[in-house]
Amino acid sequence: MERVTKLASEKPVVIFSKTSCCMSHTIKTLFYEFGVDPAVHELDEIPRGCEIEQALLRLGCNPSVPAVFIGGEFVGGANEVMSLHLNRSLVPTLKRVGALWV
């Protein structure tokens, strides 16, 4: 869990993902379209990715990816991010943490 916490605080937006996950791709695309430059950790490509995935599951992210952290705080997966976007609170949150300037 300590490794997840450390990685989650390296940038204003951090996404834990898998290259084969279509929802991870969708969430990454959403942030890129906003002009956000998230730190993306592809769990199927990094050493000890399975351990990070298990920590994300313990954190309550089920499925384990995508797992999105904004401002070092766990936001959730695709459903939670899309809910924030649809209720128009995602952009203000991104601005507040310095991930978005416009």
Side-chain angles (χ1 to χ4, degrees):
M1 189 62 78
E2 183 178 321
R3 185 164 182 217
V4 169
T5 304
K6 182 178 178 183
L7 291 172
S9 63
E10 70 185 359
K11 275 187 141 181
V13 177
V14 178
I15 303 171
F16 292 94
S17 173
K18 286 188 178 178
T19 57
S20 61
C21 175
C22 64
M23 290 311 295
S24 291
H25 174 75
T26 301
I27 294 302
K28 290 184 289 188
T29 300
L30 175 69
F31 284 104
Y32 292 140
E33 290 292 323
F34 281 139
V36 173
D37 182 29
V40 177
H41 299 283
E42 301 289 357
L43 299 183
D44 54 344
E45 293 184 340
I46 62 174
R48 299 173 57 188
C50 290
E51 291 175 23
I52 294 173
E53 185 173 7
Q54 291 303 312
L56 292 170
L57 288 169
R58 286 191 301 277
L59 191 60
C61 196
N62 192 10
S64 60
V65 294
V68 178
F69 290 77
I70 299 176
E73 298 293 320
F74 178 59
V75 172
N79 288 341
E80 291 79 11
V81 171
M82 291 308 294
S83 292
L84 288 173
H85 178 49
L86 292 172
N87 73 24
R88 300 176 188 250
S89 61
L90 182 59
V91 169
T93 301
L94 294 172
K95 287 180 180 177
R96 183 176 40 81
V97 300
L100 193 61
W101 298 275
V102 178

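All figures in this text were calculated on a predicted structure; none of them were measured in a lab. Just so you know, residue 1 is the first one in the sequence shown, and it goes up from there.
Between the CG atom in Asn79 and the CE atom in Met23 there is a gap of 7.0 Å [rounded to 0.5 Å]. Atom CG of Leu84 is separated from atom CG of Leu94 by 9.0 Å, given to the nearest 0.5 angstrom. If you take CG on Asp37 and CZ on Phe31, they are separated by 12.0 Å, rounding to the nearest 0.5 Å. To the nearest 0.5 Å, atoms CG (Leu7) and CD (Glu2) are separated by 10.5 Å. Separating the CD atom in Glu10 from the NE2 atom in His41 is a distance of 3.5 Å, to the nearest 0.5 Å.
Using a 3.5 Å distance cut-off with no hydrogens or angles, the side chains of Thr19 and Glu42 do not pair a donor with an acceptor.
Remark: Ser89 engages Asn87 in a side chain to side chain donor-acceptor pair (under 3.5 Å) (not counting sequence neighbours). With sequence neighbours excluded, no residue forms a side chain to side chain donor-acceptor pair (under 3.5 Å) with Arg88.
Residue Glu73 places its CD atom among 12 or fewer non-hydrogen atoms of other residues, nucleotides or ligands, all under 6.0 Å distant. Within 6.0 Å of CD in Glu45 there are more than 12 heavy atoms belonging to other residues, nucleotides or ligands.
Using a distance-only test at 3.5 Å, with no hydrogens or angles considered, no donor-acceptor pair links the side chain of Lys18 to the main chain of Ser24. Put simply, the side chain of Glu80 gets close to the backbone of Gly77: a donor and an acceptor are under 3.5 Å apart.
Residues Met82 and Leu90 fail the side-chain proximity criterion, which asks for heavy atoms closer than 4.5 Å. Side-chain contact between Glu53 and Val65 is absent, with no heavy atoms from C-beta onward closer than 4.5 Å. Using a 4.5 Å heavy-atom cutoff, the side chains of Ile70 and Arg96 are not in contact. In this structure, the side chains of Ile46 and Ile52 come closer than 4.5 Å at one or more pairs of heavy atoms.
Between Ala55 and Val4, the shortest heavy-atom contact is CB-CG2, 3.7 Å. Across all their heavy atoms, Val97 and Gly71 have their closest contact at CG1-CA, 3.7 Å. Nearest heavy atoms, Ala67 versus Cys61: CB-SG, 3.7 Å. Pairing each heavy atom of Pro66 with each of Ile15, the nearest pair is CB-CG2, 4.4 Å. Looking at every heavy atom in both residues, Val40 comes nearest to Ser17 through CG1-CB, 4.2 Å.
Evaluation of the ring-ring contact (aromatic ring centres under 6.0 Å, His included) test over residues 51-81, restricted to residues two or more places apart or in two chains, returns Phe16-Phe69, Phe69-Phe74.
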